[in-house]
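Below is one structure, written out as structure tokens; comments come after it.
Lettering follows sequence order; numbering is per chain, from 1. All of these numbers come straight from a predicted model, not from anything done at the bench.
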Number of protein chains: 2
Amino acid sequence: MATLVERLRSRARRLTGPRQAILALLRRQSHPLTVREIHAALADSRCDLATIYRSIGMLQEMDLVKRFDFGDGVARFELVGACGHEHHHHLVCNECGKIVEIEECFPETLETEIARRNGFKGVTHRLEFFGTCPDCQ
Amino acid sequence: MATLVERLRSRARRLTGPRQAILALLRRQSHPLTVREIHAALADSRCDLATIYRSIGMLQEMDLVKRFDFGDGVARFELVGACGHEHHHHLVCNECGKIVEIEECFPETLETEIARRNGFKGVTHRLEFFGTCPDCQ
DNA sequence: CTTGATGCAAAGGGTTTGCAGCATT
DNA sequence: AATGCTGCAAACCCTTTGCATCAAG
């Protein structure tokens, strides 16, 4: 949290009420949240949707928050680097939307090879799994 | 094409001008197209956007077309099973949007293990790579 | 002729932006 | 006091839907 304030200050950004609320919420969340979910969870904070979009955007630029897309047209966001939340992927239930965190990752040597063969630099990947969860089978 | 007509007929669907045009366009495309790109390419066919959305939706239900999401909020579509286009992934340039088809896939044994460990059935994955292409470096 | 498909326009849902007032620094 | 931030409302973009008309079968 201390380094966070510094990071904000170094960019001439202010640590405001809404931003603290959003960060505090994301910190205690283990799954990615949509902007609407954040808004609902912050109902008592009376925080505007636009403010959440702007804050999330700023946090993304600062690499404090990562965006995930599950193909339903709604962006989801997770805090980066909190409680062991490094690079990871998800397993999503097609029926109920349940989300499970997955540690397995695409083989690094294979990714390096793909980048090399095509002459691309700084290659990363988005990877999500979909299926039917035990409760929905 | 013959089997396609049968597939359509079996569902009491009609093979209309717009549908033929969309399929013909997708057949000669090696990269996924957005609805807007399809619309632009079919400018002379005077095909409405709504019609393209409806046709694409139907083709998806029939598993003739597959949808891809590159995280920019726009859906992209590719014909399935045409010209060797089986299950595959993409490498997308973050700068210019160039798309390269990738054959490498997530290891099946690992996916099976993920499904088993979490009790999920019918697990599939979405996987796309992002980086900077040679021209944009 | 019957029923599905199209075009047009309007509505929907997520996200972005302009602007005046407000609050952090 | 200065400037970044907020709320509100309007605008945007992609996508979906209602409805009267048209055309494939």
Side-chain angles (χ1 to χ4, degrees), chain A residues 1-2 4-25 32-62 64-77 97, chain B residues 1-2 4-25 32-62 64-77 97:
Chain A
M1 190 61 170
L4 172 55
V5 175
E6 281 176 30
R7 278 218 218 174
L8 282 169
R9 295 226 169 110
S10 70
R11 292 209 182 189
R13 291 288 150 75
R14 294 170 181 173
L15 187 58
T16 62
R19 290 181 185 177
Q20 291 188 56
I22 293 171
L23 283 168
L25 171 63
L33 295 181
T34 66
V35 165
R36 192 158 295 279
E37 287 167 343
I38 295 174
H39 185 249
L42 265 44
D44 46 337
S45 305
R46 306 190 103 296
C47 181
D48 194 78
L49 271 178
T51 298
I52 300 177
Y53 277 109
R54 282 188 279 232
S55 296
I56 284 286
M58 181 201 66
L59 293 170
Q60 262 184 287
E61 280 181 14
M62 301 176 69
L64 287 171
V65 154
K66 187 171 175 185
R67 170 185 172 150
F68 292 92
D69 294 277
F70 292 168
D72 60 353
V74 196
R76 277 158 232 268
F77 303 91
Chain B
M1 190 64 169
L4 172 55
V5 175
E6 282 175 30
R7 279 218 218 176
L8 283 170
R9 296 226 168 109
S10 70
R11 292 208 182 191
R13 291 290 150 75
R14 293 172 183 172
L15 187 58
T16 62
R19 290 181 186 175
Q20 292 187 57
I22 292 171
L23 283 167
L25 172 63
L33 294 181
T34 67
V35 166
R36 192 157 295 279
E37 287 167 342
I38 296 173
H39 185 250
L42 264 46
D44 47 337
S45 305
R46 304 190 104 295
C47 181
D48 194 79
L49 271 177
T51 298
I52 300 177
Y53 277 109
R54 282 187 279 232
S55 296
I56 284 286
M58 181 203 67
L59 293 170
Q60 263 185 286
E61 280 180 14
M62 300 176 70
L64 288 172
V65 155
K66 187 170 174 186
R67 171 186 170 149
F68 292 93
D69 293 279
F70 292 169
D72 61 353
V74 196
R76 275 157 233 268
F77 302 92

### Message
I need the CE-C1' distance between B/Met58 and D/dT16, as an integer number of Å.
### Response
17 Å
### Query
Between B/Val74 and B/Arg13, which is nearer to the 5' end of DNA chain D once each is assigned its nearest nucleotide?
B/Val74
### Message
Between P on D/dG25 and CZ on B/Arg11, what's the gap in Å once rounded to a whole number?
### Response
17 Å
### Query
What integer distance in Å separates B/Arg76:CZ from D/dT15:C1'?
15 Å
### Message
Judged by each residue's nearest nucleotide on DNA chain D, which is more toward the 5′ side, B/Leu49 or A/Cys47?
### Response
A/Cys47
### Query
Please walk me through it: do A/Asp44 and A/Arg46 pass salt bridge (Lys or Arg N to Asp or Glu O under 4.0 Å)?
CA-CA 5 Å; A/Asp44 46 337; A/Arg46 306 190 103 296; over 6 Å; no
### Task
Determine yes or no for a side-chain-to-main-chain donor-acceptor pair under 3.5 angstrom, with B/Arg76 supplying the side chain and B/Phe70 the backbone.
no
Can you tabulate the close N/O pairs, meaning under 3.5 Å, that link protein atoms to atoms of nucleotides 17-19 of chain D?
| from | atom 1 | to | atom 2 | distance (Å) |
| --- | --- | --- | --- | --- |
| D/dG18 | O6 | B/Arg54 | NH1 | 3.2 |

### Message
Rounded to whole Å, how long is the line connecting atom CG of B/Asp69 with atom C1' of D/dC14?
### Response
12 Å
### Message
Quiz question: going by heavy-atom distance under 3.5 Å, is there a donor-acceptor pair between the base of D/dG4 and the side chain of A/Arg14?
### Response
yes
### Task
Could you check which of C/dT6, D/dC14, D/dT6 has an atom nearest any side-chain atom of A/Ser55?
D/dT6
### Task
Nearest whole angstrom, please: distance from the C1' of C/dG14 to the CZ of A/Phe77.
11 Å
### Query
Atom CG of A/Leu15 and atom P of D/dT6: how far apart are they, to the nearest Å?
10 Å
### Query
Under 3.5 Å, side chain of B/His39 to main-chain N/O of B/Ile52, donor-acceptor pair present?
no
### Query
Do B/Ser55 side-chain atoms and B/Thr51 backbone N/O form a donor-acceptor pair below 3.5 Å?
yes
### Query
Where do B/Arg19 and B/Arg14 come nearest, in terms of heavy atoms and distance?
NH1-O, 2.8 Å
### Query
Given atom CD of A/Gln20 and atom C1' of D/dT6, what is their separation to the nearest angstrom?
15 Å
### Message
Using a 3.5 Å distance criterion without hydrogens, assess whether the side chain of A/Asp48 forms a donor-acceptor pair with backbone atoms of A/Ala50.
### Response
yes
### Query
Do the side chains of A/Leu15 and A/Gln20 get nearer than 4.5 Å, heavy atoms only?
yes
### Task
Calculate the interatomic distance between A/Ile52 atom CD1 and D/dC5 atom P; express it in whole Å.
16 Å
### Task
Ignoring backbone atoms, establish whether A/Thr16 has a side-chain N or O less than 4.0 Å from OP1 or OP2 of D/dC5.
no
